[in-house]
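Input: a single structure, listed below in structure tokens.
Starting from 1, each residue takes its place in the sequence as its number. The model shown is predicted, which means the values in this text are computed figures rather than measured ones.
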Amino acid sequence: MVFHRTSRGMMDIYYDMPELEGVFKAIGDEITKRPEVADSIERDSRTAWNALVPYVEGKPIKDAEQLKVFYSAWVAWWICMEHYFVIPDQLQVPEAIRARMLRLRAETQEYSDVGDDIYFRYIRENHPKCVAIAPVLLPNEVYRLDTLSESELGEIRSRLNGSMILTAKGESQIVPVKDLDSALATYRIQIAREDIAATDQIVGQVASRGSAHGKVRLVLYKEDIGTLEAGEILVTQMTAPDFVPAMKKAAAIITDEGGITSHAAIVSRELGKPCVIGTKFATQLLKDGDTVEVDANVGVVRIVKRA
């Protein structure tokens with residue numbers, strides 16, 4: 001798996017999809033065989049969440065030791081959340097359990113990004129000189145910010161120019177993006193890249209039926225959410241709870257990623273908004289101001305006019 005942070009601050013993630021899908025199926029098979037595993041997931045989730053609540057409600061993190069406590073609970077909760085996102089798509093799992101996992105996800109998914117907010121607040125209040133490098137610090141570096149050498153800080157700053165975390169053979173390492181190809185070659189890893197041909201039609205999966213006609217608004221960053229005007233077509237990689245106000249204003253929703261139980265799919269059905277998910281390339285093929293027709297009855301987006 002490769003996590004690649006571009007110089008624009010975007011995060012590209014490359015998966016070994018057959019391996020990942022095998023993991024998802026194994027989770028579904030295990031819960032089908034042993035339904036009590038779902039009880040364990042829920043119990044662990046609620047235990048971790050109870051430890052997080054004070055911080056979510058505003059309790060400040062004053063030092064590295066308190067940050068470790070928060071981070072440990074956050075990781076434990078996210079492990080459970082990852083199961084919430086996987087299990088509903090595993091059709092071999094009894095429907096009652098799949099529905100239960102969706103309910104658990106819905107209870108707290110609006111807080112899925114709050115950990116970032118708490119972390120950045122800690123950096124601003126305790127290490128204001130490190131705000132710029134906060135997005136590229138590793139946990140063990142955050143815990144010892146007071147003792148990092150100048151050479152270590154210099155290496156961390158260089159990550160802002162583009163860097164990646166490469167996990168292979170049980171090991172993870174940070175590599176400058178300029179060394180991406182050679183690092184992948186070392187582990188005999190190839191990233192499959194699909195050619196994006198010029199086209200006036202994009203195909204995805206139907207998430208919420210309906211049709212719409214309007215101008216595209218690309219929303220790639222959180223700060224872009226407020227730029228969407230009523231009646232525009234929201235185009236993004238994937239939605240999150242922060243996107244809901246924009247989703248309410250949009251005439252239709254198009255995403256690169258996501259399955260039928262993704263956030264975009266569930267919320268669009270609740271709102272009655274036409275939605276096409278899993279297009280892979282919509283954010284690359286469409287630009288702000290393009291006029292499109294969205295036929296979410298068949299999962300097709302047609303480009304009527306380029307901006």
Show your reasoning for whether salt bridge (charged side-chain N to carboxylate O under 4.0 Å, His left out) applies to R144 and E152. CA-CA 11 Å; R144 55 189 186 93; E152 288 176 305; 3.2 Å; yes
So that I know where these two stand, are H127 and Y122 an aromatic pair - ring centroids less than 6.0 Å apart? yes
Salt-bridge test for K25 and D29: reply yes if a basic N is under 4.0 Å from a carboxylate O, no otherwise. yes
Are the aromatic rings of Y119 and W74 close, with centres under 6.0 Å apart? no
Note: S268 and M247 closest approach over all heavy atoms is N-CE, 4.2 Å
Going hydrophobic residue to hydrophobic residue with side-chain gaps under 4.5 angstrom, can you get from I118 over to V142? yes
Residue Y71 excluded, over 12 heavy atoms near OH under 6.0 Å: no
Flag yes if more than 12 heavy atoms outside R306 fall under 6.0 Å of its CZ atom; otherwise flag no. yes
Heavy-atom pair with the smallest gap, counting every atom of A296 and P274: CB-CB, 3.9 Å
When you compare the side chain of T108 with that of M81, does any pair of heavy atoms fall below 4.5 Å? yes
Only one of L228, V216, I254 passes side chain to side chain contact (heavy atoms under 4.5 Å, CB included) with L234; say which it is. L228
One thing to verify: whether D242 and K222 come together as a salt bridge, which I'm taking to mean a side-chain N less than 4.0 angstrom from a carboxylate O. yes
Are L52 and K59 close enough that some pair of their side-chain heavy atoms sits under 4.5 Å apart? no
Which heavy atom in I233 sits nearest to a heavy atom in A251, and how many Å separate them? CD1-CB, 3.9 Å
Pairwise distance CD1(I61) to CG(L67) - rounded to 0.5 angstrom: 5.0 Å
Is there a donor in the side chain of D295 and an acceptor in the side chain of S211, or the other way round, less than 3.5 Å apart? no
Closest heavy-atom pair, A183 versus M164, reported as atoms and distance to 0.1 Å, is CB-CE, 3.6 Å
How long is the gap from CG on L145 to CG on L137, to the nearest 0.5 Å? 5.5 Å
Here the pair of heavy atoms bringing A134 nearest to F120 is CB-CE2, 3.5 Å
What do the steps show when you test L218 against T236 for side chain to side chain contact (heavy atoms under 4.5 Å, CB included), and what is the final call? CA-CA 6 Å; L218 277 177; T236 187; over 6 Å; no
Rounded to the nearest 0.5 Å, what separates atom CG in L160 from atom CD1 in I133? 7.5 Å
Got D290 and K305 here, is their nearest side-chain heavy-atom distance under 4.5 Å? no
What closest approach, in Å, do C275 and A264 show between heavy atoms, and which atom pair accounts for it? SG-O, 4.0 Å
Got a salt bridge between R100 and E107, using NZ or NE/NH1/NH2 to carboxylate O under 4.0 Å? no
Do F281 and I202 come close enough that some side-chain heavy atom pair is under 4.5 Å? no
Roughly how far, to the nearest 0.5 Å, is the CD1 atom of I277 from the CD atom of Q205? 4.5 Å
hydrophobic_cluster_shared for W78 and V37, side chain cutoff 4.5 Å: yes
Kindly check if the number of other-residue, nucleotide or ligand heavy atoms within 6.0 Å of CD (E95) is above 12? no
Side chain proximity check, T199 to L285, heavy atoms < 4.5 angstrom: yes
With the side chain counted from C-beta on, respond yes when T255 and T279 share a heavy-atom pair under 4.5 Å apart, and no when they do not. no
Drop me the distance from R105's CZ to R103's CZ, to the nearest 0.5 angstrom. 13.0 Å
Run the numbers on E150 and R157 for salt bridge (charged side-chain N to carboxylate O under 4.0 Å, His left out), then give the verdict. CA-CA 10 Å; E150 191 54 43; R157 292 188 196 102; 3.1 Å; yes
Measure the shortest side-chain to side-chain distance between I165 and Q173 over non-hydrogen atoms and say whether it is less than 4.5 angstrom. no
Atom pair CZ (R43) and SG (C80), whose distance is rounded to the nearest 0.5 Å: 10.0 Å
Decide side chain to side chain contact (heavy atoms under 4.5 Å, CB included) for L102 and I266; before the verdict, give the C-alpha distance in whole Å, the side-chain angles of both, and the deciding distance to 0.1 Å. CA-CA 10 Å; L102 273 176; I266 291 172; 3.7 Å; yes
Would you say that more than 12 heavy atoms from the other residues, nucleotides or ligands in this model lie under 6.0 Å from the NZ of K248, or not? no
Is the Y55 ring parallel, tilted or perpendicular to the F70 ring (thresholds 30°, 60°)? perpendicular
Does Y143 OH have over 12 foreign heavy atoms under 6.0 Å away? yes
Please examine the side chains of V294 and R302, heavy atoms only from C-beta on, and report whether any two atoms are closer than 4.5 Å. no
Taking it one step at a time, do D288 and R217 satisfy side chain to side chain contact (heavy atoms under 4.5 Å, CB included)? CA-CA 5 Å; D288 278 342; R217 177 65 62 181; 3.8 Å; yes
Run the salt bridge (charged side-chain N to carboxylate O under 4.0 Å, His left out) check on R34 and E30 step by step: do they pass? CA-CA 6 Å; R34 297 197 304 132; E30 182 66 12; 2.6 Å; yes
